[in-house]
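No hydrogens, no waters, no symmetry mates; every other heavy atom, side chains included, goes into these values.
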Amino acid sequence: MSISALDFYFPFVVFLYGLAINFVLEIPQLVALAQKRMPSQYMTFERHRKIAVLSLYVGGIWSLQNLWLS
């Protein structure tokens, strides 16, 4: 895999990370299940919310830019 291919796919990875974390943190059933079964790990997961929101927006805009310019 070349550097240009990595440069093309990396924004999609950033976007998918933000999407996955926000998906899990926004569904009440998943939050309740996580708080019940793993409370200490959930608090660590909750601290990633800000970076997940940032990566969702930045990765989305960056991915759209890559698609538009290629």
Side-chain angles (χ1 to χ4, degrees):
M1 183 173 268
S2 67
I3 296 293
S4 62
L6 284 174
D7 189 43
F8 180 77
Y9 290 117
F10 182 71
F12 295 102
V13 172
V14 172
F15 175 72
L16 289 175
Y17 167 78
L19 186 67
I21 298 295
N22 281 311
F23 179 77
V24 170
L25 290 175
E26 292 297 327
I27 296 181
Q29 293 86 0
L30 291 175
V31 171
L33 186 65
Q35 286 175 338
K36 178 182 172 188
R37 292 194 179 175
M38 49 183 197
S40 62
Q41 290 91 354
Y42 174 74
M43 293 311 296
T44 303
F45 201 58
E46 181 67 37
R47 285 186 237 141
H48 287 254
R49 183 185 295 267
K50 290 179 185 174
I51 195 153
V53 170
L54 180 68
S55 68
L56 181 69
Y57 289 120
V58 171
I61 291 170
W62 193 6
S63 298
L64 288 175
Q65 177 191 5
N66 273 353
L67 291 174
W68 187 46
L69 294 178
S70 62

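Between Lys50 atom NZ and Ser55 atom OG the span is 14.5 Å, to the nearest 0.5 Å. The CG atom of Leu64 lies 10.5 Å from the CG atom of Leu69; values are rounded to the nearest 0.5 Å. Atom CD of Glu46 is separated from atom CD1 of Ile21 by 10.5 Å, given to the nearest 0.5 angstrom. Atoms CZ and CG, on Arg49 and Leu25 in that order, are 4.5 Å from each other to the nearest 0.5 Å.
Tested against Trp62, the residues Phe15, Phe12, Phe10 include a single side chain to side chain contact (heavy atoms under 4.5 Å, CB included) partner, Phe10.
Residues Gln35 and Val31 are in side-chain contact: their nearest non-hydrogen atoms beyond the backbone lie under 4.5 Å apart.
The 12-atom threshold is not exceeded at OH of Tyr9, counting heavy atoms of other residues, nucleotides or ligands nearer than 6.0 Å. For CD1 of Ile3, the number of neighbouring non-hydrogen atoms (other residues, nucleotides, ligands) closer than 6.0 Å is 12 at most. For Ile51, the CD1 atom counts as loosely surrounded, since its 6.0 Å shell holds 12 or fewer non-hydrogen atoms of other residues, nucleotides or ligands.
Cluster membership for Leu67 and Leu6, using ILVMFWY side-chain heavy atoms within less than 4.5 angstrom, is shared. The same ILVMFWY cluster, assembled from side-chain heavy atoms under 4.5 Å apart, contains both Leu56 and Leu16.
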Could you walk me through whether Tyr57 and Val14 pass the side chain to side chain contact (heavy atoms under 4.5 Å, CB included) test, one step at a time? CA-CA 9 Å; Tyr57 289 120; Val14 172; over 6 Å; no
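Summarising the geometry of Phe8 relative to Ser70, their closest heavy-atom pair is CE1-OG, 3.9 Å, with the distance given to 0.1 Å. Heavy-atom minimum distance, Val24 versus Phe45: CG1-CE2, 3.4 Å.
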